[in-house]
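Worksheet: one structure, shown below.
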Amino acid sequence: MLSVSNLHAAVEDKEILKGLSLEVPAGEVHAIMGPNGAGKSTLSYVLTGRSGYEVTAGKVTLEGEDLLALEPNERAAKGVFLSFQYPLEIPGVPALTFIRTALNAQRKARGEPEVTAPEFLKLARAKAAELKIDFDMLKRALNVGFSGGEKKRMEIFQMAMLSPRFLILDETDSGLDIDALRIVADGVNALRSPDRAMLVITHYQRLLDYIKPDKVHVLAGGRIVATGGPDLALELEREGYDKYARAA
Amino acid sequence: MSVVSAIRTRDAAELPGKRDEAWRWTDLRGLIRQVPAPSDELDVSALHAGPFDALADEVLVVANGRGAAHIGVEPGESKVVALRIVSRGDGAHAARISVDVEVAGRLTILESYEGDAGGYLSQTGLMLSLGKDAAVERIVLASDGAEGVTVSQAEVDLAPGARFAQSVLTSGARRQRLETVVRHPGGHADLRLDGVYLLADKRHADLTTAVTHQAVDGTTQQLTKGVVRDQARAVFQGKIVVAEGADRTDARMGHHALILSDRAEVDAKPELEIYADDVSCAHGNTVGALDDDALFYARQRGIPEDEARALLTEAFIGEVVDRIGHEAAREIARAWIGERLRG
């Protein structure tokens, strides 16, 4: 599904990713763990096409299609979704309006018919109930005045509504108490399927108790320096990142 | 010296210009070398419908300076009037309209400025007088042509207990000034003066207001928001004077602008002059760009860049539109904005 090879990327002429390679096949969940400053957030922004993140070498494909040539919204229409570490507040735009605009823009880009208002509302009510989101909250401006946990839940709600193929979760557990974490993880796990893949970016192992990865990669110094099974996350939790940071 | 006398005498030296403090950002004298000849009379029956016709009890048309000159509301009467100020061609014209709303009368004025591609010079003077406990909402949709020069000057006289609420929305003109001067008597009279400007290309709009609180217990709320792109220029001048003894005045003024291009310009001059002791007054003025982080967030969810910009801009302006009281007019205003942001 997602294939990253020898990716180099710079922010303001400073090279952050230095030859990162990664394969995430359909149906799998991979975790990326690493110390602060390793390039975890840079990776998520490069994959989604944020301006200011310049790719200087390497290749990224989704199902064989070159992602780097596409605009951020075109990547989204291909099914790439990033759950932000710090979701933005969008004053004046009700959450439902925002999500419906996004969903229909994606469908239009894929040549699919737009979703009608009643169809959309029906879907939104069902997904909100699953994620224990008060439906009235969706009528308020997106994320404005929401708590950290509510914002993260709103990310997962958007994910459920947009039904992406490739999900990137950037530090999704930060700011969540244990109950909110469980709801968010349930929401993510509900999206696991043989034709989807996920990249879970996290500093701590805690999230991986709830979202079980098939593989764990260690990102240090802008490259993947180790890959293993779920046990690797436990080892990192016990022993820290020191030995990998030194190796990088 | 005034726009009206310049049109009457065809003497360009009578036009206000940058040497006049109140007009320094809207220089008409430097722009107009020769005052155009008087505009031709228009066949009103040949005009298309105005934007608010369907909402009004009466439709009054002032075409190239000619037509209806008075709106009257009897004590306790309530009505909705569409007032269309139509300009066509390359001539000059001026009109004077008086509005008298007697005790406890209610009036909604749905006013539109409708220009064509001509290089007209148009002046409209409105004298509004509100009796005790009268309530007026004035909604102005200014859709001038790109070559037109328009000056609209409203003078509002409030009696105690009166309510006057105004929302002016404009897409500018070659040069345009929409001015409102209010004599506020205090005495629990309530004033709202809002504005929206959406300017593109080389258009110019000037929203100027002056409010004088003359006695105790008056309230004024002002909120103006605007967007400029390309080489457009917006001017906001808001002045609130609280006269000596006008205690317990509560006045708030806000002006917030988005600049979407390097070559666009916003000039703002908020002024509070306070001569009374016990007042609550505040003003806020900000000029900025669209939030790049919010734009990326919207695009990551699949919204194309142009649509993301329109959505965020619409939301920014929406705060002002939401304050329009007349529901159907509010929706027309919202649609008018949507068309201009996506057009």
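Order of the sequence lines sets the chain letters (A, B, ...), proteins ahead of strands, with each chain counted from 1.
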Salt-bridge contact Asp170(A)-Lys40(A) (side-chain N to carboxylate O under 4.0 Å): no
Using a cut-off of under 4.5 Å for heavy-atom pairs, which of Ser51(A), Gly92(A), Pro72(A) has the most such pairs with chain B? Pro72(A)
Apply salt bridge (Lys or Arg N to Asp or Glu O under 4.0 Å) to residues Arg229(B) and Asp262(B) and explain how you reach the verdict. CA-CA 8 Å; Arg229(B) 62 180 76 227; Asp262(B) 294 343; over 6 Å; no
How about Phe98(A) and Tyr297(B): are their ring centres within less than 6.0 Å of each other? yes
Largest heavy-atom contact set with chain A, pairs under 4.5 Å, which of Ala294(B), Ala308(B), Gly318(B): Ala294(B)
Region of Gln300(B) in contact with chain A, defined by heavy-atom distances below 4.5 Å: both
Which bit of Glu314(B) comes within less than 4.5 Å of chain A, counting heavy atoms only: side chain, backbone, both or neither? neither
Tell me, for Ile90(A) versus chain B, whether the close heavy atoms (under 4.5 Å) come from the side chain, the backbone, both or neither. side chain
Please classify the contact between Ile317(B) and chain A as side chain, backbone, both or neither, with a heavy-atom cut-off of under 4.5 Å. neither
Carboxylate-amine/guanidinium proximity below 4.0 Å for Arg163(B) and Glu137(B): no
Applying a strict 4.5 Å limit to non-hydrogen atoms, the region of Pro94(A) in contact with chain B is neither
Whatever's closer than 4.5 Å to a heavy atom in chain B on Ile99(A) counts as neither
Positive for salt bridge (charged side-chain N to carboxylate O under 4.0 Å, His left out) with Glu307(B), one of Arg299(B), Arg301(B), Arg342(B): Arg342(B)
Contact part of Asp322(B) toward chain A, heavy-atom cut-off under 4.5 Å: side chain, backbone, both or neither? neither
What I want to find out is whether Glu114(A) reaches Lys108(A) closely enough, with some N-O distance under 4.0 Å, to be called a salt bridge. no
Below 4.5 Å, heavy-atom pairs only: which of Glu89(A), Gln106(A), Arg75(A) has the largest tally toward chain B? Gln106(A)
Smallest heavy-atom separation, Pro304(B) atom then Ala105(A) atom, equals CD-CB, 3.7 Å
